[in-house]
Amino acid sequence: MRRRLGGTFGAALLAGALLAGATAVPAGAAPAVAAGAGFDAAGAISAGASGAELPPDGDTVASPPGANDWTCRPSAAHPDPVVLVHGTFANRYENWLVLSPLLKSLGYCVFALDYGMIPGVTSSGSGLLLPIGGLGPVPESAAQLARFVDLVRNATGAAKVDIVGHSQGGMLPNYYLKFLGGASKVGKLVGLAPSNHGTTLDGIVNLAPYFPGVADLIYTVCQACRDQAVGSDFNKTMASRPDTVPGVRYTVISTVYDEVVTPWRTQFLNGPDVDNVVLQNHCPISLAEHVAIAFSPTALHLVTNALDPAHATPVLCG
């Protein structure tokens, strides 16, 4: 039994690291630089050949391809810029390597932020040594999103933005909508495997009281992990108001193989303007789990349909 429990906790920690699509690397390790990227004199990663710029809010992680062109002006076809919000233990570069250039190719103005960063915590999943975020208290991260949305609106002249988020990044915008005045600034919220009602991490959260030392270690580094646990004070605050706010269209895209936000059906929202979608209903053979859903062709097709329902196309299985 001890062996099984230890392996289960190890799986939980690994799942957290996998939210970045990467393995955590100690601060000070030598970075591996991918083609098209480089380091400036201060050691910050530059966008290199992609042409994407660092945002005016001081972020130092390279933008994913297609994102953060602060000269972009929305078209009549896509009047609302899209803001991409990464998940826990992730960053904008690694989380949105696929969706960002896809949306840009479709004519959207695309922007992506980093939030909840803790200095010295890094990832090398993409071949770059990058800071990872989504670690701070969710309300503080939501305030960072609020400031970023205002930056995007001011730069583009758009009245509203649409938001696409993965995992925590699909949930924390709802805090922004409910409690920080974001409802008047957002048209659509699309969540990929969002932690809308917390997670048991396949029962790991329920085991945490039996291993207080381990739990405290996790939560010291990652306050957002505590906030996203089922029964947390944060989730009680979220539950004090309805799942949705009037005027915003919500789409939740979930996979039955989610091993991180569990049970997976708790991702669904209740409200009049909600579309809860199960990936396998459109692609029964898809094995995409919590991380892979952010890169699944079928899931990303569902995202583009949700952003532009008037021009939705049949979803292909892939």
Side-chain angles (χ1 to χ4, degrees), residues 1-24 86-90 95 116 121 123 125 132-138 141 165-172 174-175 191-240 243 252-270 276-281 286-296 299:
M1 177 63 73
R2 184 183 299 114
R3 185 178 188 181
R4 182 177 180 182
L5 291 178
T8 305
F9 250 104
L13 292 171
L14 179 60
L18 284 174
L19 284 173
T23 303
H86 64 73
T88 311
F89 292 105
N95 216 145
V121 182
S123 159
I132 59 176
L135 305 178
V138 175
S141 294
H166 177 223
S167 191
Q168 180 190 168
M171 172 276 295
L172 81 82
N174 214 8
Y175 185 92
L192 288 160
S195 52
N196 283 324
H197 300 104
T199 174
T200 66
L201 276 175
D202 261 338
I204 300 306
V205 169
N206 294 331
L207 288 173
Y210 297 96
F211 300 89
V214 174
D216 289 345
L217 177 63
I218 297 171
Y219 293 151
T220 298
V221 175
C222 180
Q223 177 63 45
C225 297
R226 183 189 298 273
D227 287 345
Q228 292 175 90
V230 167
S232 68
D233 290 342
F234 172 80
N235 273 300
K236 291 175 183 177
T237 298
M238 289 291 282
S240 69
D243 276 0
V252 175
I253 303 170
S254 303
T255 170
V256 300
Y257 298 111
D258 200 312
E259 78 286 26
V260 176
V261 179
T262 54
W264 64 269
R265 290 185 183 275
T266 62
Q267 299 171 17
F268 292 167
L269 295 171
N270 295 309
N276 293 311
V277 182
V278 180
L279 177 62
Q280 283 73 23
N281 287 348
S286 174
L287 300 178
E289 39 65 76
H290 185 80
V291 177
I293 195 172
F295 304 93
S296 159

Check your understanding: Residues in side chain to side chain contact (heavy atoms under 4.5 Å, CB included) with N235, at least two apart?
Key -> S232
Practice item. Please identify each residue that fulfils side chain to side chain donor-acceptor pair (under 3.5 Å) with T255, with sequence neighbours left out. Key: Q280
Review point. Who pairs with Y175 by ring pair (Phe, Tyr, Trp, His ring centres under 6.0 Å), at least two apart in sequence or on another chain?
Key: F179, F234
**Study point:** Residues which pass side chain to side chain donor-acceptor pair (under 3.5 Å) with N196, listed by chain and number, not counting sequence neighbours
**Key:** none
Review point. So which heavy atom on A294 is nearest to which on L192, and how close?
Key: CA-CD1, 4.2 Å
**Study point:** Atom pair CG (N270) and NE2 (H197), whose distance is rounded to the nearest 0.5 Å
**Key:** 6.5 Å
Point to revise | L279 CG to I293 CD1 distance, which is reported to the nearest 0.5 Å | key: 5.5 Å
**Study point:** Under the side chain to side chain donor-acceptor pair (under 3.5 Å) test, residues paired with T237 that sit two or more places apart
**Key:** none
Study note, to complete from the structure: In this structure, CG of N276 is separated from CD of Q267 (nearest 0.5 Å) by 9.5 Å
Revision key, fill the gap. Sequence neighbours excluded, the answer for side chain to side chain contact (heavy atoms under 4.5 Å, CB included) partners of P263 is T200, T266
Point to revise | W264 vs V278, side-chain contact (heavy atoms from CB on, under 4.5 Å): CA-CA, chis, key distance, verdict | key: CA-CA 10 Å; W264 64 269; V278 180; 3.8 Å; yes
Review point. Residues in side chain to side chain contact (heavy atoms under 4.5 Å, CB included) with A224, at least two apart?
Key: V138, Q168, C222, Q228
Exercise for review: For A292, check side chain to side chain contact (heavy atoms under 4.5 Å, CB included) against everything at least two apart and list the hits.
Suggested key: A288, E289
